[in-house]
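From a predicted model like this one, the values you see are computed outputs, not experimental measurements. Just so we're on the same page: letters track the sequence lines, and every chain starts at 1.
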Protein chains: 2
Amino acid sequence: MPTSTFYNLDESKRKQIFDACVEEFAAHTYSEASINQIIKTANIPRGSFYQYFADKEDCYLYLLGEIAKEKMILFRDIVAKDDDDTVFDEYEKMFDQAIVWIEKKPQYYQIGIKMDMDNSEFIRKLLKGNQAGLDYFASLIKRDQDRGIIRKDVDADVLTEMLFSINRTALMNFFYKRDFEGMKKQLHHILEIIRKGSTTEENHV
Amino acid sequence: MPTSTFYNLDESKRKQIFDACVEEFAAHTYSEASINQIIKTANIPRGSFYQYFADKEDCYLYLLGEIAKEKMILFRDIVAKDDDDTVFDEYEKMFDQAIVWIEKKPQYYQIGIKMDMDNSEFIRKLLKGNQAGLDYFASLIKRDQDRGIIRKDVDADVLTEMLFSINRTALMNFFYKRDFEGMKKQLHHILEIIRKGSTTEENHV
DNA sequence: CCTCAATATGACAACCCTGTCACATTTAGT
DNA sequence: ACTAAATGTGACAGGGTTGTCATATTGAGG
């Protein structure tokens with residue numbers, strides 16, 4: 001937690017510091033990010049930084065917290081759920097949301113990428129708790145198996161992993177190429193393959 | 001290139017240094033790896049390191065070269081090709097090979113993982129040239145489309161990316177869990193889904 | 001106006017790192 | 001045995017990092 005001193009600051013100064021953190025943690029891994037750089041960008045003296053944050057970890061957690069808040073606000077009312085949606089439909093909707101997020105705040109997304117790239121103990125612990133999404137998707141798949149949409153011999157966990165693995169790659173690609181329509185089409189195509197397979201009917205032995 | 005002095009060393013001493021490099025670069029990213037640590041592990045003085053290698057890059061390239069040599073030797077005669085193989089069969093064989101490699105030399109594989117994690121200019125350049133495999137697979141897919149095994153409306157590049165993305169995730173998983181049979185089964189299951197799809201026939205509209 | 005707490009500040013210690021270089025030692029050839 | 005080249009060596013310079021702390025400044029209440 002940042003100190004009360006930090007929260008007593010002008011909002012403009014707080015933003016100045018926040019922005020400097022975003023810039024640094026988007027450009028570098030947690031481990032590689034430099035407080036020296038942050039204070040230089042934010043234009044505050046070294047001592048002040050430590051008046052506001054206990055240390056680098058404190059600063060990083062603050063940053064993640066703020067980003068999570070913004071994300072919450074952005075997506076609060078956007079989630080249009082349709083009970084007829086299959087897991088694939090929901091997946092596509094989620095993907096679209098992710099793309100909106102990336103386009104709106106590319107730097108925040110890059111912070112996530114860099115977070116994934118780090119393998120310090122601190123970050124590994126932080127990432128551990130992030131597997132709720134996986135369970136949610138596995139449950140959707142099971143639901144669709146009960147509805148008779150997905151074959152029962154498909155392993156829900158395996159399919160979940162496939163979807164997440166592909167999602168990761170696709171978002172990464174999007175991030176670098178920024179071809180919104182192309183990416184949506186490509187993902188749709190991938191889901192078609194996962195739905196119906198890639199081989200001709202004769203080969204569905 | 002290491003200096004001639006290095007190659008004039010006893011093989012045992014060279015191995016000692018090589019092993020220290022493996023240990024360090026398996027545990028840390030290229031950027032994070034420390035020459036200090038290497039010389040400590042190899043038990044050689046600082047000056048000697050620079051008598052053998054121009055710098056860290058030189059040392060790393062030497063390491064990669066040695067590993068590539070070993071890999072070549074290991075796989076020289078193992079590649080049993082069958083003209084009736086589909087791209088999926090070849091893919092599975094490749095996966096098996098990768099698993100053999102990981103089981104034989106887990107540290108070498110980890111060096112690869114750590115290499116992927118680094119994003120220094122030097123490593124990025126190094127990784128650029130590594131996309132030959134992708135093209136090869138795309139060509140196999142097109143071949144199977146001509147053979148009538150894979151549907152023509154499937155985009156070869158998209159399918160290639162799917163396969164590689166999944167491969168990556170699967171190998172990563174294997175690396176951490178080391179469940180050989182489980183992993184093989186899981187990959188087979190994934191390929192079944194990619195072949196035949198995951199939905200019931202009624203839903204193949 | 002004066003005092004005391006809150007806040008600002010940059011020099012500093014302590015710890016990393018890499019690459020160099022003058023000097024010591026070993027080895028090979030005459 | 002003597003010389004010259006090859007090799008071994010660790011102190012050092014110059015750069016980075018984080019977190020601390022004594023001191024300066026500011027602001028608010030009596």
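- Neither OP1 nor OP2 of D:dA6 sits under 4.0 Å from any side-chain N or O of B:N8.
- Rounded to an integer number of Å, the gap from A:K13 NZ to C:dA6 P is 18 Å.
- A side-chain donor from one of B:E90 and B:Y136 sits under 3.5 Å from a side-chain acceptor of the other.
- As rounded to whole Å, 10 Å separates atom P of D:dG10 from atom CG of B:N43.
- A straight line from CD1 of A:I39 to P of C:dA8 spans 14 Å, rounded to a whole angstrom.
- For B:F53 and C:dT20, the CZ to C1' distance is 18 Å, given to the nearest whole Å.
- Between A:R195 and A:D89, at least one side-chain N (NZ, or NE/NH1/NH2) sits under 4.0 Å from a carboxylate O, which counts as a salt bridge.
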Test log, rule side-chain hydrogen bond (donor to acceptor under 3.5 Å, both in side chains), inputs B:Q186 and B:N173: CA-CA 11 Å; B:Q186 179 167 336; B:N173 273 347; 5.4 Å; no
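- Between B:Y7 atom OH and D:dT7 atom P there is a gap of 14 Å when expressed in whole angstrom units.
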Sequence-aligned protein contact record of nucleotides 14-28 of chain D, with B where the base is within under 4.0 Å of a protein heavy atom and S where only the sugar-phosphate is: ---SBBB--------
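- With 3.5 Å as the limit, one finds no donor-acceptor pair spanning the side chains of B:S34 and B:N36.
- A straight line from NZ of B:K40 to P of C:dT18 spans 12 Å, rounded to a whole angstrom.
- No donor-acceptor pair closer than 3.5 Å links the side chain of A:T29 to the backbone N or O of A:S31.
- Side-chain N/O atoms of A:T5 include none lying less than 4.0 angstrom from OP1 or OP2 on C:dA6.
- The shortest side-chain heavy-atom distance between A:W101 and A:F75 falls under the 4.5 Å cut-off.
- When rounded to the nearest whole Å, the span between CD of A:E32 and P of C:dC16 equals 19 Å.
- What separates CD1 of A:I44 from P of C:dT7 is a distance of 15 Å, to the nearest Å.
- Using a 4.0 Å heavy-atom cutoff across all strands shown, A:F6 reaches no nucleic acid atom at all.
- One finds a salt bridge joining A:D153 and A:R151 here, because a Lys/Arg side-chain nitrogen approaches an Asp/Glu carboxylate oxygen to under 4.0 Å.
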